[in-house]
Amino acid sequence: MPEIKVTPLGAGQDVGRSCILVSIAGKNVMLDCGMHMGYNDDRRFPDFSYITQNGRLTDFLDCVIISHFHLDHCGALPYFSEMVGYDGPIYMTHPTKAICPILLEDYRKITVDKKGETNFFTSQMIKDCMKKVVAVHLHQTVQVDEELEIKAYYAGHVLGAAMFQIKVGCESVVYTGDYNMTPDRHLGAAWIDKCRPDLLITESTYATTIRDSKRCRERDFLKKVHETVERGGKVLIPVFALGRAQELCILLETFWERMNLKAPIYFSTGLTEKANHYYKLFITWTNQKIRKTFVQRNMFEFKHIKAFDRAFADNPGPMVVFATPGMLHAGQSLQIFRKWAGNEKNMVIMPGYCVQGTVGHKILSGQRKLEMEGRQILEVKMQVEYMSFSAHADAKGIMQLIRQAEPRNVLLVHGEAKKMEFLKQKIEQEFHVSCYMPANGETTTIFTNPSIPVDISLGLLKRETAIGLLPDVKKPKLMHGTLIMKDNSFRLVSPEQALKELGLAEHQLRFTCRVHIQDPRKEHETVLRVYNHLKGVLKDYSVQHLPDGSITVESILIQATAHSEDQGTKVLLVSWTYQDEELGSYLTSLLKKGLPQSTS
Amino acid sequence: MMLWQEGGGRIVPVNRAGRSMKLYCLSGHPTLPCNVLKFKSTTIMLDCGLDMTSTLNFLPLPLVQSPRLSKLPGWVLKDGSTFLDKELKECSGHVFVDSVPEFCLPETELLDLSTVDVILISNYHCMMALPYITEYTGFTGTVYATEPTVQIGRLLMEELVNSIERVPKAQSASMWKNKEVQRLLPAPLKDAVEVSMWRKCYTMPEVNAALSKIQLVGYSQKIELFGAVQVTPLSSGYALGSSNWIIQSHYEKVSYVSGSSLLTTHPQPMDQASLKNSDVLILTGLTQIPTANPDGMVGEFCSNLAMTVRNGGNVLVPCYPSGVIYDLLECLYQYIDSAGLSNVPFYFISPVANSSLEFSQIFAEWLCHNKQTKVYLPEPPFPHAELIQTNKLKHYPSIHGDFSNDFKQPCVVFTGHPSLRFGDVVHFMELWGKSSLNTVIFTEPDFSYLDALAPYQPLAMKCVYCPIDTRLNFIQVSKLLKEVQPLHVVCPEQYTQPPPTQSHRTDLMIDCQPPPMSYRRAEVLTLPYKRRYEKIEIMPELADSLVPLEIKPGISLATVSAVLHTKDNKHVLQLPPKPPQPPASKKRKRVSEDVPECKPLKPLLSGSIPVEQFVQTLEKHGFSDVKVEDTAKGHIVLLQEAETLIQIEEDSTHIICDNDEPLRVKLRDLVLKFLQKF
């Protein structure tokens, strides 16, 4: 029986290092190729030796698909393609293709230049890797080869994020990547059609969360920022350059405008500034409102938000600063944090998930004395706030997507095992489909039962549809045909055509039965009585009395002759072909019982 | 007759298998096509171009009161009658209708347009008649177009409506359209065709209503229509978002090629490979200027522009607000510094100028490779962003307002409409026409420049004709057809003969084998194709139950008795349901009283009965008195005691017996042993 096999190399009961292998109808596809933020050793990348120990990866994979530009989905790509070795196609959307190399380069710089690691991918490798990338449009059907096709759907998670449908013949898998089912201030909601995949592989970051309304969170966020600024404090918002940063910038920009606030807002230079350019140029990927009004007012041209200079951190008075990276594990956000942490008037707002081991994770878990490099102890007096602005679907959203796509099976990745377990039960209860949650390296096999497409001759189909245009559910009509299997082609034709094509003649098998009935009347009167009798019994059949004295029931012929010896007995000759066997047999037994007295 | 069937929550036309494929030609204009294809059970409109050349017969609409135009004399018939002098005015020997300009619509009577299921748009120039179709014909279907096509199409419509509505004209002339009157008029009015079909411009609410019926699609997106037909847009290389369309079922493929270009300008290159293996290729929208080389024209454009400005004159470029203007601005961007034009202001005046310039920068995915690469940096793909930033290019919604304060001469003005009948261009023609220092450069190929200029004569200003039409020329077409090899080519009749003015140029027509089928306005073509198969799916349970039999080496047969389900024009074969078990409580009726309800068809038989073996078999089964007689065509086997006779011939067997059912069934089964079933 045909089957689909799924093996996560990363993101199996875990968040980070997304990398999922799918085998479908003889094709092997790798979904995402991410790195893990929580590790600095070998575990930061997926274990590609699982795919092959000695051969080239290109020989084992038909294509690689990257869902979006976050490093936990694409961070291992140059390592995979240039250091392990893969030359096949890599598919991603245009915005992902544009932004991905910039984040990779940033990642490389931090790892090699700052942490001094060697044996890491180089800038040139990033460039070479990106040369293998084929950019896809939303909804475009990309023919990877003759059989394998992929199609991207809008996922809403970050600019350019996509869900992908992978299809071979009539078997298909949908991989969601990360997605968001509610539109936010800059992106639209994920959408997919009722594509009924055999398997839906969905992220489950917020498997157990049903988030309160976004408006409340936004109001909360603005209130906290506003209060801090009012009392002369400084607000630090650690963000990743692309994604939440833009959403929060739009939020603050409109708030500042409305409230006519004067405190400066800065974002750390470099990436974020550049990022806004990407949003401007790929505005068709943002939400409808932004797209509609961009000519009059481009939402990504901020009036109140200015580029940050390192010296500004020591300026007196209130200010708001967006700085990278988002988990306070290095870079500018950490530098500013160290400067401002000691003042209780200040505030740091963490707008997203923080991986264990990062400063962000530590302060969120309540730690107020941090040991920095050189055994220095940093006392955190500033206020620490956590506000989830991550653009992942919550439990409600995940269920909604399943309802939209109507998959036959669901497989959870990109989440924590405990939460997955809960969601798995919920999915199985509500949708009555199997739900899987393999760990890394564990293979899930799903059996599919595809129907077989064949060519039916128009003649046969027309004959069948002409019988009844509106199929009667209670009385299904049987269609009869001959399936000719030659080489790899399957054709369904009428039996007559099958005979003709094979150069064979039909052999006609005919039966003629003599039925004796007692009837003293004249022959033609007997015939009339038989006719009336049959007409009365066989209401759904065409019963005809022909001028030559014979009777037909459909194509069965009945003739009457007098018995040569006994005038009181008539002989009915009932004649039919093998194709009318049931009716012919029925008629003879019916007539054998004689004619009812009442019919005359 | 239309048959309907419920399916998936919507009403879909039932597939009337085997109907012919027809093409209804609603427009005679080869570059502004409007055809309707009836394919399987779907009715598909291909483009709805609006022929605007009709406006050339009208007087221009001046934005500012023009003494010259208002003083033009009324036209007087040869016999001195003046009853038309309010409607028709004379200017330098030409007669013009003094009325709101009107456009020539596609045929609306050739077929009932309310039956059109979908409209496929190939590019923004070919959708200008859309509001007339969607808002006036009872159309209830869906329109498919790419995002840039819709956005830029909207801009073109907005500009059109705006430039006509902002010059309210009290008069709407109709007397001249009377057939008896039209006969008396001078050419070209006398020969104007379908004047009864000419209509005033639509309104913005109508434009918005029409555009709301559009569904956005991307290149290579497969769109299912009623489960019967699949349509797919492909990049055509001509304009932002411009597409050719594939219309196909499992067995037939029609390619609709409309406005394609192989030149590398700003749009994504043309996808040629996907056009291969077409049964029919409908070819429209070739270049209107087959003898001009677009590159040469751009060169001439630049040098004429530079010369005029250096001599202190102004340059007027009548143009559409999108398309070639992006390429012209890019050329100028590279050219102005070297030509010493850095201080000359460039003005782009259109109600949609700003939108057009902004929109051009956000369609990265629809651009050629070079421009895409710029976006990845990230930089704006078109250099006009820099021209605007450095104040070299300024754009204004109209000549009123800010423009009148900023206006400095000599300058270069890009503005519409290329017909010179409405829009801000009318003002500049009136303003600059009297000076020979100034130049008007025609770059858009849609209108004859001489006709366009007629109501402005006499003119002192220089006129330069540099038509830039990047669409396919005949050499490229012939290469393309060789490459993609369609079985049949269908095209407008204009492409099957040399242009009327160059009748010796037999190279300026389509040359292919078999020769193309041509169409003209209001014609219906029956397209050649023969469909013999349809796709059907065999459900896995049914497939498992089939018993294939190898008949010949490599050929296996299986008889299939199954239930056919048809939904949304998709056919599925399922296992027949098991006969329901008679309820235990109810007493069974006598079998013979049950009229056979469901009659499963018996298979066909083939083969022949070897008499000797058959007789042996009979004897083995206890018939002892078998007698065989030879006949002309075969044998008769007699079972004397049973009074039964079996006639055996090469291709038939006839069992004649008394009404002894067990005997008959026994004999039947013995005969069947020797035959193959189909």
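Residue numbers begin at 1 in each chain, while the letters A, B, ... track the order of the sequences.
In this structure the side chain of A:Tyr578 reaches within 4.5 angstrom of the side chain of B:Pro603, judged on heavy atoms. In this structure, the side chains of B:Asn354 and A:Gln296 stay at 4.5 Å or more apart for every pair of heavy atoms. Within the 4.5 Å cutoff, the side chain of A:Phe511 has no heavy atoms near those of the B:Leu667 side chain. For the pair B:Thr653/A:Arg510, no side-chain contact is recorded, criterion being any heavy-atom separation below 4.5 Å from C-beta on. A heavy-atom distance below 4.5 Å is not found between the side chains of B:Glu534 and A:Asp455. Here the side chains of B:Ile656 and A:Leu573 are not in contact, with every heavy-atom distance at 4.5 Å or above. Between A:Ile456 and B:Lys535, the closest side-chain pair of non-hydrogen atoms is not below 4.5 Å. Contact check for B:Val671 versus A:Leu509: side-chain heavy atoms found under the 4.5 Å cut-off.
For chain A, the option among B:Glu379, B:Arg668, B:Gln372 with the highest count of heavy-atom pairs below 4.5 Å is B:Arg668. Among B:Ala558, B:Ala543, B:Gly218, the residue making the largest number of heavy-atom pairs under 4.5 Å with chain A is B:Ala558. Interface summary for chain A: among B:Val572, B:Leu573, B:Asp660, B:Ile536, the most heavy-atom pairs under 4.5 angstrom belong to B:Ile536. No other option in B:Glu649, B:His250, B:Glu550, B:Glu643 has as many heavy-atom pairs under 4.5 Å with chain A as B:Glu643.
With a 6.0 Å radius and a threshold of 12 heavy atoms from other residues, nucleotides or ligands, B:Lys374 has its NZ atom above the threshold.
Listed by sequence position, A:His94, A:Lys97, A:Ala98 are the residues of residues 93-101 of chain A in contact with chain B, using a 4.5 angstrom heavy-atom cutoff.
Taking OG of B:Ser235 as the start and NE2 of A:His137 as the end, the distance is 8.0 Å to the nearest 0.5 Å. For the atom pair CD of B:Glu661 and OG1 of A:Thr588, the computed distance is 4.5 Å after rounding to the nearest 0.5 Å. Distance check, rounded to the nearest 0.5 Å: NE2 of A:His277 to CG of B:Leu377 gives 11.5 Å. The structure places CD of B:Gln361 at 12.0 Å from CD1 of A:Ile283, a figure rounded to the nearest 0.5 Å. Taking CG of A:Leu492 as the reference point, atom OH of B:Tyr533 lies at 9.5 Å (rounded to 0.5 Å). Once rounded to the nearest 0.5 Å, the distance linking CD of A:Glu501 with CD1 of B:Ile555 reads 9.0 Å.
Checked options B:Arg664, B:His654, B:Gln647; the residue passing with A:Thr512 is B:His654 (criterion: side chain to side chain donor-acceptor pair (under 3.5 Å)).
Legend: residues meeting ring pair (Phe, Tyr, Trp, His ring centres under 6.0 Å) with A:His516, ordered by chain and number and at least two apart, are A:His563.
Checking side-chain atoms of A:Thr482 against main-chain N and O of B:Thr559 turns up no donor-acceptor pair under 3.5 Å. Using a distance-only test at 3.5 Å, with no hydrogens or angles considered, a donor-acceptor pair links the side chain of B:Lys552 to the main chain of A:Leu502. At distances below 3.5 Å, not a single donor-acceptor pair connects side-chain atoms of B:Gln221 with backbone N or O atoms of A:Thr141.
Heavy atoms of A:Val574 lying under 4.5 Å from chain B are absent altogether. No part of A:Lys194 comes within reach of chain B, as not one of its non-hydrogen atoms sits under 4.5 angstrom from that chain. If you measure heavy-atom distances from A:Gln143 to chain B, the contacts under 4.5 Å come from the side chain alone. Neither the backbone nor the side chain of A:Asn298 comes within contact range of chain B; no heavy atoms are under 4.5 Å apart.
Between A:Gln508 and B:Ser652, the side chains place no donor N or O within less than 3.5 Å of an acceptor N or O (distance only, hydrogens not considered). For the residue pair B:Ser608 and A:His507, no side-chain donor N or O sits within less than 3.5 Å of a side-chain acceptor on the partner.
Aromatic ring centres of A:Phe294 and B:Phe359 lie closer together than 6.0 Å.
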